[in-house]
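Below is one structure, written out as structure tokens; comments come after it.
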Amino acid sequence: MLNSNLANILRTTKKHLSLLDSLGVKTVKDILLYFPRDYNDASQFTKIIDIRTDQINVIRGQLTNLFNIHTKYGKKITRGLFTDDTGSIEVIWFNQPHLVRMLPRKKDIILSGKVKFALGKISLSNPSYEVVKDYEEQIHTGRIVPVYHETEGLSSKWLREKLKPLVDEWISLFEEYLPEEVIKEHGLIDYQTAIKNVHFPENDALLLKARDRLAFDELFLLQLKVLQKKWHWRSEAEPFSKKIEMKNDVLKDCLKSLEFELTNAQKRVLKEIFEDLQQPFPMSRLLQGDVGSGKTIVAALAALNVIKNSYQVTVMAPTEILAKQHYQTFIKVLSKYSLNIQFIAGSTTKKQKEEIIRQMKTGTVDMVIGTHALIQEGIGFKNLGLAIIDEQHRFGVKQREILKSYGSPHLLSMTATPIPRTLAITIYGDQDLSIIDEMPKGRQEILTRVVPESKRMEAYHWVEDQVKKGRQTFIICPLIDESDILEVKSVMKEYTFLSEHIFPDLKLGLLHGRLKQEEKDKIMADFKDNKINILVSTSVIEVGIDVPNATIMIIEGSERFGLAQLHQFRGRVGRGEHKSYCFLFTGALSEEGTTRMKSMEKYSSGFKLAEIDLELRGPGEIYGIRQSGIPDLKMASLTDFKTIEKARQSAQKIIDKDPLLKNNSKLAEKIAELTEIYIQD
């Protein structure tokens, strides 16, 4: 019944049905779950004698006169006198002559609007109105009034008028699906009462309870989904025999050979990983760490321990540049152990690929590092013990499932993209979470400044002076080619302009995604060797580029990037011994843009910036979640840590007792409605 098509239920026009359809509202259930975005409190009446000009006034009285005036400019003004027991006030509507016929005289009417003071008198201009009917509940005035997301031709007033009879008639068909113990534990109101009061609240207290209940529901269902997935990950791997023993002597030997000491955070995370590796089920852990916090060395030590247990390891990265850098790092860190470490990517020749795959399948290769090429058809391992995915948000669930199919290996996902904890446990709740929240000794804070256009040339002169002292510079542009629509700098045009007019005596390089892999590798090698002074690039350098001598990061069109991405760019400098700088060049800034730029200047923590970005723009804008399946949260907030924690604890209790929800069939139906949750760009 709730899935009845609105076209068969609602008395309205095809145009209105089409507009509802464009909002994803097709059935009775859809419209009843189309919750308000805000509320206007029009529940308190003001007497005419107490009317104020600085607020919306809700007054109840009667129209004693109403007539239309046609001005010489073609405007139609409806003017009247509105009276209550304390006095009268003039009311005016513009271009609504039909109100003379519609609004009764000497009957109670509620008006809501702002008062204007002009020519020595006050008037109520264009107020909303509702005729008081003893047998009907007020829905537009005289109460807490819901305000909905609107589209042209579909107003909140229209939605309220259509929703009220539907709520009254159909609300009883919504079944309670939360277990009684969950409702009691958190003092929640029932589902029907929540839906009714979120649309037409009886009072402030019930509105708050309705919003709390519906917000809890959204977060609880998401947590139930990811925790059930976590249970499947563990249970489906049985019988599981890949318990990894600690090779303490080998690990101590490796740590001694490093040029630095691990931070306490790295040691803590390694302990968490090693404990996972000894469990009777495969590890599924997400390792978060800010740019430069030392995730790769943690991964290398975990990989070494797994290899010394006679298992294979694979490392997958989203780009060939990053994969190659990992390959070089792992070779360097593990060089003394005579391991067979191979690299496979799109640029690997067919003959090389065939030989590497043969070694993978026969078990003669210890570690394979590469890109998506690692999960293509024909790939396989003899005995894969650990799969490491770097920048895991660039990959989807399907890619992880392919790795899982290689004999249920332990899975370590890593990301330098800061994800607030509330978002991480909601979206990646099927994985355990480790955070490296401490930077290595000697890692410098990068001075960040927004540079006004008037100081651009001054900044260029300073950059040239720094380059002559031996330093190197990144310049990031948002686009590859020039755009007639977007007023932002393109990397091609900027490279030409800077080469010819600004830095003619310096060596500039150009890097973007359309270049062939050999060209990218050559440019990056030249930049690392300081054969290129300034690298003009697109966001292709966002992740994983390590050039210790680069100390200056200039970002053009900074307002076009999110805080997480700006922080990633900034992390490309400050990796050596010299003081480093990040300069933000912007176009016109909105209020939100100004807040984000100031945040970049103020904070060096990627996690702090991610929290600010989440507050300002929402998860869909930052991580592309809307495109990848996570439901839009109508009531809940992914910054509401308290409710997320409560929802997760309740969901975990249910999964512990009834992981397949055999005794909670209504809950099973609800989470089946949720699409797969993952982030993939």
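Computed from a predicted structure; not experimentally measured.
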Please name all residues satisfying side chain to side chain contact (heavy atoms under 4.5 Å, CB included) with Pro659, sequence neighbours left out, ordered by chain then number. Trp231, Ile655

Approximate separation, where rounding is to 0.5 Å, of Thr473 OG1 and Ile532 CD1: 12.5 Å

Does anything in residues 642-657 form a salt bridge (Lys or Arg N to Asp or Glu O under 4.0 Å)? List the pairs, not counting sequence neighbours. Glu185-Lys653

Keeping to residues at least two apart or across chains, list the side-chain hydrogen bond (donor to acceptor under 3.5 Å, both in side chains) pairs with something in residues 257-269. Glu261-Lys267, Thr263-Gln266

Just to verify, what does Lys579 make a side-chain hydrogen bond (donor to acceptor under 3.5 Å, both in side chains) with, not counting sequence neighbours? none

Is there a side-chain hydrogen bond (donor to acceptor under 3.5 Å, both in side chains) between Thr415 and Gln288? Walk through the geometry before answering. CA-CA 5 Å; Thr415 182; Gln288 282 187 270; over 6 Å; no

Whether Asp658 side chain and Leu661 backbone form a donor-acceptor pair below 3.5 Å: yes

Partner residues of Lys351 under the side-chain hydrogen bond (donor to acceptor under 3.5 Å, both in side chains) criterion, sequence neighbours left out: none

His410-Asp276 side chain donor-acceptor pair, cut-off 3.5 Å: no

Which residues share a side-chain hydrogen bond (donor to acceptor under 3.5 Å, both in side chains) with Glu275, sequence neighbours left out: Lys271

Can you pull out every salt bridge (Lys or Arg N to Asp or Glu O under 4.0 Å) where at least one residue sits in residues 602-612? Sequence neighbours excluded, please. none

Review item, side-chain donor-acceptor pairs of residues 295-306, under 3.5 Å, at least two apart:
{"unit_1": "Lys295", "atom_1": "NZ", "unit_2": "Gly289", "atom_2": "O", "d": "3.2"}
{"unit_1": "Asn305", "atom_1": "OD1", "unit_2": "Lys247", "atom_2": "N", "d": "2.8"}
{"unit_1": "Asn305", "atom_1": "ND2", "unit_2": "Glu245", "atom_2": "O", "d": "3.1"}

How would you list all residue pairs meeting salt bridge (Lys or Arg N to Asp or Glu O under 4.0 Å) that involve residues 301-318, not counting sequence neighbours? none

Among all residues two or more places apart in sequence or in another chain, which pass the side chain to side chain contact (heavy atoms under 4.5 Å, CB included) test with Ser637? Thr639, Asp640

Could you verify whether a donor N or O on one side chain and an acceptor N or O on the other, from Arg471 and Thr551, lie under 3.5 Å apart? no

Can a donor-acceptor pair be found between the side chains of Thr448 and Arg570 at a distance below 3.5 Å? yes

Looking only at the side chains, is there a donor atom on one of Asn549 and Gln472 sitting less than 3.5 Å from an acceptor on the other? yes

Of all residues at least two apart in sequence or in a different chain, which pass the side-chain hydrogen bond (donor to acceptor under 3.5 Å, both in side chains) check with Asp432? Lys230, Arg234

List the steps, then state whether side-chain hydrogen bond (donor to acceptor under 3.5 Å, both in side chains) holds for Tyr337 with Asp253. CA-CA 10 Å; Tyr337 298 102; Asp253 178 59; 2.9 Å; yes

Other residues, nucleotides and ligands only: do more than 12 of their heavy atoms fall within 6.0 Å of CG on Asn248? yes

Salt-bridged, Lys522 to Asp526, with N to O below 4.0 Å? yes

Side-chain donor/acceptor pairs under 3.5 Å, residues 339-349, sequence neighbours excluded:
{"unit_1": "Asn340", "atom_1": "OD1", "unit_2": "Gln342", "atom_2": "NE2", "d": "2.8"}
{"unit_1": "Asn340", "atom_1": "ND2", "unit_2": "Gln359", "atom_2": "OE1", "d": "2.8"}
{"unit_1": "Asn340", "atom_1": "ND2", "unit_2": "Thr364", "atom_2": "O", "d": "3.0"}
{"unit_1": "Ser347", "atom_1": "OG", "unit_2": "Glu320", "atom_2": "OE2", "d": "2.2"}
{"unit_1": "Thr348", "atom_1": "OG1", "unit_2": "Ala345", "atom_2": "N", "d": "2.8"}
{"unit_1": "Thr348", "atom_1": "OG1", "unit_2": "Ala345", "atom_2": "O", "d": "3.1"}
{"unit_1": "Thr349", "atom_1": "OG1", "unit_2": "Gln352", "atom_2": "N", "d": "3.1"}
{"unit_1": "Thr349", "atom_1": "OG1", "unit_2": "Gln352", "atom_2": "OE1", "d": "3.0"}

Any non-hydrogen side-chain atom of Trp233 less than 4.5 Å from a side-chain atom of Phe281? no

